[in-house]
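Chain naming here is simple, since letters A, B, ... match the order of the sequence lines and numbering starts at 1 in each.
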There are 2 protein chains.
Amino acid sequence: MGPEGSDNWHAMLDGAEAILREEGHAALTSRRVAERVGVKQRLVYYYFRTMDDLVISLFRRMAEREVIRLKAAAAQPRPLRALWDISLHSTDSRLIAEFMALAHRIEGLKREVIQFIEVSREIETEVLKGALERVPQGRNMGPASLSVTITSLALLLSRERQLGVTMAHAEIMAALDAFLDQVEPLDS
Amino acid sequence: MGPEGSDNWHAMLDGAEAILREEGHAALTSRRVAERVGVKQRLVYYYFRTMDDLVISLFRRMAEREVIRLKAAAAQPRPLRALWDISLHSTDSRLIAEFMALAHRIEGLKREVIQFIEVSREIETEVLKGALERVPQGRNMGPASLSVTITSLALLLSRERQLGVTMAHAEIMAALDAFLDQVEPLDS
DNA sequence: GTCTATACACCGATAGAC
DNA sequence: GTCTATCGGTGTATAGAC
């Protein structure tokens, strides 16, 4: 087994990520990954015991990077806006679709996805808790619910924008901006 | 080419749907479909020119049924609750994940998905418009935005429930129920 | 309409040399 | 670490008989 974190290890995950993004997981094969990196097929199985293991490693690497991004956003002066921007733009929605489909088939991936959702939700809920405390008018939704709502909206908007659907998107963005202006005023 | 709507045509789509739901689209092959229906592989290509065509036909059949369900719900006494129930329970979220992943690869499927989203949004927005008119307190969101928000929440809740994540779900359901009580009181 | 048979390509994974 | 070579299996799609 090749060393986790080595140059080849990263290069193979880079190649796999590009294939997944551009062609979907039906094209994510050991031969294609090897071809992209410029090595022979056999080497893929030296660094990753099976293709399922490769997929799990790929997701874990992406999730770790995303959690770092979320934590950095949470530490910024206007964390809610920062989180909203990340949710809207960071992760390619095609990749999400591929991983979701794969998670139903690969048990180890499913566990990683669940853990990532829970960790992200905790970070976001904590931020919302702080933000809502600083606002006088009591909301009728708790911070956890609001966190879920905002996440779900970001996912839907990203997905539909990638498809080419924009119906009602401008209206949503305006409503979200108005909400952020209330909770996190820009002139504070 | 075999006749659209014939018994075999439906049987093959039934088999394909079950495979997609249970094992994902990597297992959706002409051989597996034929095996499930109890015919030879060659016949699948008689009814559907290619496997991509089969997938498109499968989605279109599901979408047509779903639109019928949505329209029926919109005509009920409490249409908003009916739509919410449908969104939460009707379509398997694993199927959605598979179709979303496939839509990025199959251009014809992508077009069908886009059309389905737009038609559904129109139906739901129309219902919300009527429901909000009957409520005195003006909302800060328009009917289209609310429609998108409710749809996105239903999709996220279904997806996470299927994965096994329930963090904040009860809170969301309670908030939604409270909203529905306001807009569509049960004792009216 | 439904079948047998088949062409041809690609897949995951491994044995074993260097 | 990286390679060559290969096994056994599955896939899409078509030709052509009945």
Let me know the distance between [atom1] of [X] and [atom2] of [N], rounded to the nearest Å.
X        : N      : atom1 : atom2 : answer
B/Arg105 : D/dT12 : CZ    : C1'   : 12 Å
B/Leu54  : D/dA13 : CG    : P     : 11 Å
B/Asp7   : C/dT2  : CG    : P     : 10 Å
B/Met1   : D/dT14 : CE    : C1'   : 15 Å
A/Trp9   : D/dT2  : CH2   : P     : 16 Å
B/Leu43  : C/dA5  : CG    : P     : 17 Å

Next item on the list: For nucleotides 11-18 of chain C, just jot down a letter per nucleotide in 5' to 3' order: B, S or -, based on protein non-hydrogen atoms under 4.0 Å.
Entry: BBBBBB--
Margin query: Categorize A/Tyr47 for me: base, sugar-phosphate, or nothing, with a 4.0 angstrom heavy-atom threshold over every strand shown.
Written below: sugar-phosphate
Margin query: What I want to find out is whether B/Arg78 reaches B/Glu184 closely enough, with some N-O distance under 4.0 Å, to be called a salt bridge.
Written below: no
Checklist line | NZ/NE/NH1/NH2 to OD/OE distance under 4.0 Å, B/Glu160 and A/Arg121 | finding: yes
Check: Does a nitrogen or oxygen in the side chain of B/Tyr46 sit under 4.0 Å from OP1 or OP2 of C/dC3?
Finding: no
Check: Is the centre of the B/His25 ring less than 6.0 Å from the centre of the A/His104 ring?
Finding: no
Would you find a donor on one side and an acceptor on the other, under 3.5 Å apart, between the side chain of [X] and the backbone of [Y]?
X        : Y        : result
A/Ser158 : A/Ala154 : yes
A/Gln41  : A/Ala34  : no
A/Thr29  : A/Arg32  : yes

